[in-house]
Amino acid sequence: MEKNKSKLGTVLSICFFVVIFAGLLITATFTDLQISQKLVRLDEGQYFTTNLFGAIFASIGSCPTYIMLSAAFAIIYSNTLRSENKVLKILGSIAANAASVVAMVYIVFDIPRYLVKHFGEDIIFNQTYIKVVFIFAAAAIAELICRYFAKLDDKTAMALLKFSFIVIFAVILSNILINIIIKNVMCRPRYRTMWYLGDYEFTNFRRWYQKSVMPEAGNPLYFEAVNGIHVGHDAYRSFPSGHTNAAAAVYGLLVLPRVLKKYNTTAWKILLVLISVGITGVVAVSRIVCGAHFFSDVLVGGTIMFLCVMLGIKIFIRSGFERA
């Protein structure tokens with residue numbers, strides 16, 4: 001009886017998701033350009049917005065992926081420390097610890113990279129001494145996370161290992177789908193690409209399902225750089241949104257109720273959903289404000305990560321798994 005209820009709940013959840021997603025995608029199909037025209041904040045001939053909301057969240061939008069990866073590797077580190085195999089215990093813990101630190105430290109280089117695009121090279125976060133301070137701070141935070149997970153009991157650490165595998169799986173798969181395959185196949189021009197080229201009538205606008213062609217050097221639609229910042233083919237990689245996909249790594253939090261009893265309550269489940277949707281949604285809106293993406297871009301980008309997390313749950317958490 002309990003099993004039938006679980007299956008019914010799963011079917012209803014899938015149906016609800018399909019209806020909501022289909023409704024939003026249909027809406028995006030017919031309103032992409034209009035939504036962008038209302039939300040985008042670009043001066044005439046501008047490519048990188050100086051709008052504070054758009055620029056800030058464009059700069060920190062990828063952080064959830066690196067934070068989740070850092071935590072995932074820290075959990076792997078805590079498990080390798082418990083291994084009875086000496087080689088795995090030594091080499092595995094060193095590799096996992098290093099990966100956790102690298103993932104967290106990468107944020108220090110990623111954020112200034114985007115801030116420079118929007119505000120120029122003089123921003124304080126781009127100064128070498130500031131970066132050094134933040135590198136040490138990020139490394140220290142990663143080490144503290146590793147130490148925290150290392151102190152957990154064996155059962156909790158093993159249960160969280162499922163979380164780690166799902167996060168790493170979802171990040172890798174979604175990035176392959178979006179950044180390696182779909183973007184390079186669809187070649188959709190960004191709103192700000194057309195704006196920068198003076199195409200204020202948006203004659204080169206393409207709907208999300210319309211495949212375009214990547215212009216090469218010499219083509220009037222191609223431009224190598226803006227204000228000394230390399231652009232090139234990136235101007236035609238609008239669909240789907242990689243930033244929103246990166247922000248949606250927070251959907252990995254939805255794994256916690258599946259592995260830990262503490263989070264397997266209605267209140268926690270609702271809170272984790274609100275946090276995941278909220279963070280993803282804010283970054284998604286910021287990408288539209290920047291003119292970097294359309295509504296359909298951010299919708300599909302975030303959804304791909306969500307589906308990869310759900311697929312990861314199906315693969316790594318078998319029925320009958322006992323929560324810690």
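The analysis underlying the following values was restricted to heavy atoms, covering all of them including side chains, and did not include hydrogens, waters or symmetry mates.
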Between Val309 and Ile166, the two heavy atoms sitting closest are O-CG2, 3.7 Å

Between Leu253 and Phe163, the two heavy atoms sitting closest are N-CE1, 4.5 Å

Contacts satisfying side-chain hydrogen bond (donor to acceptor under 3.5 Å, both in side chains) that involve residues 270-287 (not counting sequence neighbours) are none

Distance-only donor-acceptor pairs under 3.5 Å for side chains of residues 215-227, two or more places apart:
{"unit_1": "Glu216", "atom_1": "OE1", "unit_2": "His233", "atom_2": "NE2", "d": "3.0"}
{"unit_1": "Asn219", "atom_1": "OD1", "unit_2": "Leu221", "atom_2": "N", "d": "2.9"}
{"unit_1": "Tyr222", "atom_1": "OH", "unit_2": "Glu224", "atom_2": "OE1", "d": "2.5"}
{"unit_1": "Glu224", "atom_1": "OE2", "unit_2": "His230", "atom_2": "ND1", "d": "2.9"}

Between [Y] and [X], does any NZ, NE, NH1 or NH2 come within less than 4.0 Å of an OD or OE carboxylate oxygen?
X	Y	result
Arg82	Asp154	yes
Asp234	Arg190	yes
Lys155	Glu322	yes

Item checked: Leu152 vs Leu160 side-chain heavy atoms within contact, under 4.5 Å -> yes

Does the ring center of [X] lie less than 6.0 Å from the ring center of [Y]?
X	Y	answer
Tyr200	Trp195	yes
Tyr191	Phe205	no
His243	Tyr114	yes
Phe73	Tyr77	no

Please determine, by modelled atom types, if Arg206 and Tyr236 share a side-chain donor-acceptor pair under 3.5 angstrom.
no

Do Glu143 and Asn97 meet the criterion of a side-chain donor-acceptor pair at a distance under 3.5 Å?
yes

Look at atom [atom1] of [X] and say whether more than 12 heavy atoms of other residues, nucleotides or ligands are closer to it than 6.0 Å.
X	atom1	result
Phe321	CZ	yes
Met158	CE	no
Asp122	CG	no
Gln210	CD	yes
Phe136	CZ	no
Glu201	CD	no

Taking the six-membered ring for Trp, are Phe21 and Phe17 parallel (under 30°), tilted (30 to 60°) or perpendicular (over 60°)? parallel

>> Is the ring pair Tyr196/Tyr47 parallel, tilted or perpendicular, if the boundaries are 30 and 60 degrees?
In response: perpendicular

Please lay out, stage by stage, how Val231 and Phe48 fare under the test side chain to side chain contact (heavy atoms under 4.5 Å, CB included).
CA-CA 11 Å; Val231 177; Phe48 296 113; 4.3 Å; yes

- Message: Would Arg192 and Ser238 count as a side chain to side chain donor-acceptor pair (under 3.5 Å) here? Give the steps.
- Response: CA-CA 10 Å; Arg192 65 188 182 190; Ser238 184; over 6 Å; no

Does [Y] offer a backbone N or O that forms a donor-acceptor pair with the side chain of [X] under 3.5 Å?
X	Y	value
Thr65	Ala246	yes
Ser78	Ile75	yes
Asp32	Phe295	yes
Ser93	Lys89	yes
Arg323	Pro257	yes

When rounded to the nearest 0.5 Å, the distance separating CG of Leu307 from CE of Met310 is 8.5 Å

With hydrophobic residues grouped by side-chain heavy-atom distances under 4.5 Å, do [X] and [Y] end up in a single group?
X	Y	answer
Phe169	Ile180	yes
Phe239	Ile26	no
Ile107	Val283	no

